[in-house]
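One structure is given below, encoded as structure tokens.
Only heavy atoms go into these numbers, but all of them, side chains included; no hydrogens, no water, no symmetry mates. These figures come from a predicted structure and were not determined experimentally.
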Amino acid sequence: QISNFEYLMQLNTLAGRSYNDITQYPVFPWILSDYSSKSLDLSNPSSYRDLSKPIGALNPDRLKKFQERYSSFDDPVIPKFHYGSHYSSAGTVLYYLIRVEPFTTLAIKLQGGKFDHADRMFSDISATWNGVLEDMSDVKELVPELFYLPEVLTNENSIDFGTTQLGGKLDTVKLPAWAENPVDFVHKHRMALESEYVSSHLHEWIDLIFGYKQRGKEAIASNNVFFYITYEGTVDIDKISDPVQQHATQDQIAYFGQTPSQLLTIPHLKKKPLSEVLHLQTIFRNPKAIKSYPIPSPEHCNLPASAIHASSDMVVVVDLNAPAAHVAQHKWQPNTPDGQGTPFLFHHGKATSGSAGGIIRMLKGPAGTGEEWQYPQALAFPVSGIRSQAIVSITRDKEIITGGHADNSIRLISSDGAKTMETAYAHCAPVTCLGLSPNSDYLVTGSRDTTVLLWRIHRALASHSSVTSESSTGNGTGMRPSTGSSSSSLLLMEKNRRRRIEGPIQVLRGHHSEILSCCVNSGLRMVVSCSHSSDVLLHSIREGRLVRRLDGVVAHTVSLSSEGVVVVWNESKHILSTFTLNGVLIAKSELPFSSSICCMEISLDGWSALIGINSQENGKAFNSSWNSQSSNSGNEDFYSDSEETHDSNRINAPSPSICFLDLHTLEVFHVLKLREGQDITALALNKDNTNLLVSTWDKQLIVFTDPTLSLKVVDQMLKLGWEGDGLKHLIK
């Protein structure tokens with residue numbers, strides 16, 4: 001359920017490795033063996049390094065020399081060993097990371113106040129790989145940065161590293177032929193780490209570094225024995241009486257290299273193949289198997305929607321009237337066949353009308369067949385000129401947060417009854433956009449007052465669910481207790497009740513006009529925002545500090561993937577682009593001016609995205625606030641400097657449609673075409689990304705999913721002996 005990268009980081013942490021100590025830095029394996037081909041084939045096993053062998057055993061000829069040294073070595077004090085150097089040491093870490101601080105400064109200190117000779121420094125990935133295959137004193141593995149930080153390969157700080165013996169100036173690292181640039185190398189390197197081949201063999205490398213082949217007979221048989229002083233517990237520093245000898249031993253341990261703590265004395269389990277894990281069969285893995293399933297009786301679905309949230313048992317739909325929106329709760333069970341050809345169960349919510357709904361029906365007179373189905377409506381006084389999709393978010397607790405109110409507030413609305421549970425004030429003008437972090441623990445709000453505010457969202461407590469009601473105004477959130485015997489207990493509960501919306505905890509500045517779009521990711525600790533006349537800004541959650549400004553980047557919508565990819569949509573130029581968190585352009589694609597992006601969803605793993613494409617005529621209806629102010633702020637030549645290095649792709653998808661995009665290349669790998677007139681108003685992926693829900697302008701709710709997945713789920717349930725009324729008709 002977690003990536004290979006994340007698992008290796010967890011193992012390193014458990015084994016005492018840390019980013020805070022270069023003498024015990026996280027160690028990662030060499031993954032690839034092909035650094036010469038013009039294109040990298042990740043489906044070819046020969047492209048990969050043999051993970052069952054330590055680095056020193058990959059070259060058979062060199063291994064014979066190591067084995068000879070091991071067998072011939074005889075010392076009464078020092079045990080036998082294969083390798084006189086180590087795969088992870090302070091020198092190894094500084095070798096790879098010398099181009100970024102603080103490692104540049106640390107490398108100078110380690111070398112006695114100057115850089116090492118340029119010929120011995122990290123300059124060529126292919127040459128380094130050849131070195132660890134051929135050199136008798138070089139068996140180093142890799143550091144984690146080579147899987148996510150392209151800046152370690154570039155000389156961003158313009159440091160003079162010296163000149164090689166051939167007269168060449170040492171600058172950026174030379175890349176393999178299959179890598180277009182450092183960002184491309186890091187991406188492909190990470191893709192290789194997460195590949196099926198590596199997933200099925202990574203346990204073998206873990207056995208060598210952290211597991212049962214680290215020491216003893218298994219280490220000898222695997223040609224994996226290092227100098228004795230590198231192993232934990234082999235030297236007792238306190239028993240060395242000579243202070244000079246003690247200090248020398250400590251230095252040797254610190255800088256010669258240290259083997260991680262041994263975590264396992266039995267073989268590590270092999271990773272389960274991805275194809276066998278049902279809840280990981282996302283719509284992005286096999287998009288060609290996806291089929292569409294319109295929900296019957298769409299007039300009872302509360303459509304068209306401005307926002308949709310699909311949990312494991314419920315679909316919450318907020319209509320386009322936000323913030324004075326109608327809210328519907330529908331029960332559903334994804335990936336469970338209904339026995340009639342639909343791969344999920346869906347039951348329409350009940351229309352429980354509030355006072356507003358009753359008044360509306362009274363004014364309309366006798367209820368008609370279509371008008372009678374009214375869902376509860378939130379009480380609000382909306383501001384004109386704000387996109388309803390931009391001011392609605394639904395939390396993991398199935399509660400709705402809305403902006404766009406005339407009193408400049410944000411409100412927490414219950415999905416059951418559309419009651420205002422809490423009101424928060426901080427902006428000086430109406431909220432024009434908001435965004436929730438993927439796990440609903442942080443909220444960002446943008447306003448016409450040009451600021452972006454960061455709030456913390458606390459989960460609902462079950463004990464308080466029965467006493468939530470309309471809130472009082474002001475900075476605090478209060479309930480008005482009724483007079484009577486229970487008033488004192490209600491007051492006590494209210495006093496102890498923590499605010500669900502805490503903050504604002506940060507005020508993020510730097511924009512000069514109305515905020516158009518904002519998003520937050522608590523895992524990355526970053527907030528991304530854009531406005532009419534300013535660049536795209538990146539702020540830190542922890543300090544509220546402006547970390548990065550994407551100079552000259554005009555954006556009308558921004559999004560942020562879990563892998564740190566900033567997605568930017570420029571409505572005026574019809575350009576979709578992606579950037580790293582450090583502001584490096586990854587890719588860009590153009591859309592024809594006859595179509596427009598109306599909404600966007602990023603996959604759970606951060607590698608892919610869905611974009612809803614509408615015809616421009618209808619796109620203008622949804623994006624009116626984007627077009628109301630032209631972005632003529634001197635940035636109209638945006639991308640002109642990078643035209644040569646980043647060829648623009650073109651997305652020529654029909655309108656309306658949903659495009660599946662690779663976030664690294666922005667290439668379309670699948671298209672779901674909708675019928676004419678079915679322009680999209682909202683997209684939503686369920687938590688495990690196995691189902692996609694789409695709301696359309698013609699009041700349809702369509703579910704896209706792989707129908708075979710539900711049959712596999714039922715088959716697995718039956719094998720596990722699961723019983724229930726829901727499967728009786730299937731068992732028959």
His670/Phe660 aromatic ring centres below 6.0 Å:
yes
Who are the salt bridge (Lys or Arg N to Asp or Glu O under 4.0 Å) partners of Arg448, not counting sequence neighbours?
Glu514
Using a 6.0 Å cut-off, check whether atom NZ of Lys271 has over 12 heavy atoms from anything other than its own residue.
yes
Salt bridge (Lys or Arg N to Asp or Glu O under 4.0 Å) partners of Asp397, counting only residues at least two apart:
Arg459, Arg500
Side-chain H-bond candidate by donor/acceptor type, Thr690 with Asp706, under 3.5 Å:
no
Taking only residues two or more places apart in sequence, or in another chain, which ones meet Lys272 in a side-chain contact (heavy atoms from CB on, under 4.5 Å)?
Glu276, Val277
Just jot down the side chain to side chain donor-acceptor pair (under 3.5 Å) partners of Thr432, sequence neighbours excluded, or say none.
none
Pairing residues for Thr445 by the side-chain contact (heavy atoms from CB on, under 4.5 Å) criterion, not counting sequence neighbours
Ile410, His427, Val431, Leu434, Leu443, Leu453, Trp455
Whether the His326 and Asn302 side chains hold a donor-acceptor pair (N or O, under 3.5 Å, no angle test) is what I'd like checked.
no
Verify the neighbour count for atom NZ of Lys673: are there more than 12 heavy atoms of other residues, nucleotides or ligands below 6.0 Å?
yes
Would the distance check show the side chain of Gln506 and the main-chain N or O of Arg542 forming a donor-acceptor pair, the cut-off being under 3.5 Å?
yes
Taken in chain and number order and not counting sequence neighbours, the residues that satisfy side chain to side chain donor-acceptor pair (under 3.5 Å) with Ser292 are none
Residues passing the side chain to side chain donor-acceptor pair (under 3.5 Å) test with Gln700, sequence neighbours excluded, are none
Those residues at least two apart in sequence (or on a different chain) that pass salt bridge (Lys or Arg N to Asp or Glu O under 4.0 Å) with Glu502 are Arg456
Mind listing the side-chain donor-acceptor pairs of residues 598-607 below 3.5 Å, one per line with the distance, residues two or more places apart or on another chain?
unit_1	atom_1	unit_2	atom_2	d
Ser603	OG	Asp605	OD1	2.6
Ser603	OG	Gly606	N	3.4
Ser603	OG	Trp607	N	3.4
Ser603	OG	Ser608	N	3.1
Ser603	OG	Ser608	O	3.1
Asp605	OD1	Trp607	N	2.9

Sequence neighbours left out, what passes ring pair (Phe, Tyr, Trp, His ring centres under 6.0 Å) with Tyr293? Give chain and number order.
none
Is there a donor in the side chain of Gln389 and an acceptor in the side chain of Thr681, or the other way round, less than 3.5 Å apart?
no
Residues in salt bridge (Lys or Arg N to Asp or Glu O under 4.0 Å) contact with Asp407, at least two apart in sequence or another chain:
Arg411
Go through the structure and list residues passing side-chain contact (heavy atoms from CB on, under 4.5 Å) with Ser415, not counting sequence neighbours.
Val316, Val327, Gln329, Lys398, Ile400
Would you say the side-chain atoms of His664 pair up with the backbone N or O of His187, donor to acceptor, closer than 3.5 Å?
no
